Amino acid sequence: MRNLFRLPRRSNNPFHARLSALLVSMAAALLLGACLPRQTVYHHYESLPAEGWHKGDTLRFEAQVPDSQVYCRLNVEVRNRNDYPYRNLPLRIACLTADSLQLPPDTLDIFLANDDGGWLGTGLGNYYQLSQFVGSVHIRKPGTYTFQVTCLLPDTVVTGINDIGIRLER
């Protein structure tokens, strides 16, 4: 009968020893990186008028980024009220620098409510806040990065949205 609990023999091959040490080091680095808190590079909200967000109005966020050659997570944050008439909010997002377009414009459909009409995110009373990951932005050099956010709903005025925010994290 075979012994199923027998440990495998150790190899005396130096390549296997180096490979094992490398794998253990990589696993430790990944674990440490996952445990470190994200560092916020930029975080700002733009409040919308009480009468609503007018069609064609573009929100601009001027992010001063002091570092270069770094990837940042881009999140769009929405604060809405109970009287927002839809369950989603389609947005157009672009990132520009002083000399060029950093990211091609992208569309993002943020779902603010589930299929049953229950608001997503965190809320208190009639107000709710939701953060949506958009993607990674490669910051190639220090400077000012302008993020432009436009609502893509066909309505002339969109009501029920209080604030739109941008968060960049390392």
Side-chain angles (χ1 to χ4, degrees), residues 30 32-170:
L30 284 173
L32 181 62
C35 295
L36 291 175
R38 291 190 168 88
Q39 181 182 3
T40 300
V41 175
Y42 176 81
H43 188 213
H44 180 73
Y45 279 94
E46 286 291 328
S47 295
L48 297 168
E51 66 271 7
W53 193 355
H54 294 274
K55 185 175 184 166
D57 284 353
T58 299
L59 301 176
R60 286 179 174 73
F61 300 87
E62 303 285 330
Q64 291 289 333
V65 181
D67 298 330
S68 63
Q69 296 303 327
V70 65
Y71 283 93
C72 291
R73 290 176 49 91
L74 173 62
N75 291 311
V76 171
E77 300 179 342
V78 178
R79 291 178 180 157
N80 67 295
R81 299 184 305 269
N82 270 345
D83 62 345
Y84 181 68
Y86 305 106
R87 68 180 281 245
N88 66 325
L89 177 64
L91 299 174
R92 179 183 180 268
I93 301 167
C95 176
L96 304 116
T97 60
D99 54 351
S100 69
L101 185 67
Q102 179 68 22
L103 280 178
D106 195 10
T107 56
L108 175 68
D109 202 11
I110 299 177
F111 284 89
L112 302 175
N114 60 24
D115 291 336
D116 299 329
W119 295 108
L120 301 172
T122 58
L124 181 64
N126 293 331
Y127 296 95
Y128 295 88
Q129 179 173 328
L130 183 77
S131 183
Q132 175 72 43
F133 174 70
V134 176
S136 294
V137 179
H138 185 198
I139 305 296
R140 290 184 172 85
K141 60 183 180 179
T144 302
Y145 290 79
T146 303
F147 293 91
Q148 296 178 337
V149 180
T150 308
C151 182
L152 296 177
L153 284 172
D155 300 10
T156 305
V157 178
V158 177
T159 59
I161 302 292
N162 274 20
D163 308 287
I164 299 291
I166 294 285
R167 179 188 295 265
L168 278 178
E169 298 174 328
R170 249 184 254 245

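The model shown is predicted, which means the values in this text are computed figures rather than measured ones.
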Minimum heavy-atom distance [X]-[Y], with the two atoms named:
X: Gly160; Y: Asp83; value: CA-OD1, 3.4 Å
X: Tyr71; Y: His138; value: CE2-CB, 3.5 Å
X: Pro85; Y: Thr159; value: CD-O, 3.5 Å
X: Ile164; Y: Leu48; value: CG1-CD1, 4.2 Å
X: Cys151; Y: Val158; value: SG-CG2, 3.8 Å

Side-chain heavy atoms of [X] within contact of [Y], under 4.5 Å:
X: Ile161; Y: Arg79; value: no
X: Tyr128; Y: Asn82; value: yes
X: Arg92; Y: Val149; value: no
X: Tyr84; Y: Leu112; value: yes
X: Ile166; Y: Val76; value: yes
X: Tyr127; Y: Asn162; value: yes
X: Phe111; Y: Leu89; value: no
X: His43; Y: Leu168; value: no

Sequence neighbours left out, what pairs pass side-chain hydrogen bond (donor to acceptor under 3.5 Å, both in side chains) with at least one residue falling in residues 50-63?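 Sorted result for residues 50-63: Thr58-Thr150, Glu62-Thr146.
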List for me each residue that meets side-chain hydrogen bond (donor to acceptor under 3.5 Å, both in side chains) alongside [X], sequence neighbours excluded, and say none if there are none.
X: Asn75; value: none
X: Glu46; value: His44
X: Tyr86; value: Asp155
X: Tyr45; value: Glu77, Gln129

Would you call the rings of Phe61 and Tyr42 parallel, tilted or perpendicular, taking 30° and 60° as the class edges?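 Correct class here is perpendicular.
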Rounded to the nearest 0.5 Å, what's the gap from [atom1] on [X] to [atom2] on [Y]? Could you check?
X: Leu108; Y: Phe133; atom1: CG; atom2: CZ; answer: 10.5 Å
X: Arg167; Y: Ser131; atom1: CZ; atom2: OG; answer: 6.5 Å
X: Ile93; Y: Thr107; atom1: CD1; atom2: OG1; answer: 9.0 Å

Does Gln148 form a side chain to side chain contact (heavy atoms under 4.5 Å, CB included) with Leu96? I'd like the steps, not just the answer. CA-CA 8 Å; Gln148 296 178 337; Leu96 304 116; 3.4 Å; yes
Can you list everything that forms a side-chain contact (heavy atoms from CB on, under 4.5 Å) with Pro90? Sequence neighbours excluded, please.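 Partners of Pro90 under the side-chain contact (heavy atoms from CB on, under 4.5 Å) test: Asn88, Asp109, Leu152, Leu153.
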Determine, step by step, whether Tyr145 and Ile139 satisfy the side chain to side chain contact (heavy atoms under 4.5 Å, CB included) criterion, reporting the C-alpha distance in whole Å, the side-chain angles of both residues, the deciding distance to 0.1 Å, and the verdict. CA-CA 9 Å; Tyr145 290 79; Ile139 305 296; 3.6 Å; yes
Let me see the working for Asp115 and Arg87 under side chain to side chain contact (heavy atoms under 4.5 Å, CB included), right down to the final yes or no. CA-CA 8 Å; Asp115 291 336; Arg87 68 180 281 245; 2.9 Å; yes
Is the side chain of Asn114 donor-acceptor paired with the backbone N or O of Asp116 at a distance under 3.5 Å, no angle test?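 Pair found, side chain donor or acceptor close to backbone of Asp116.
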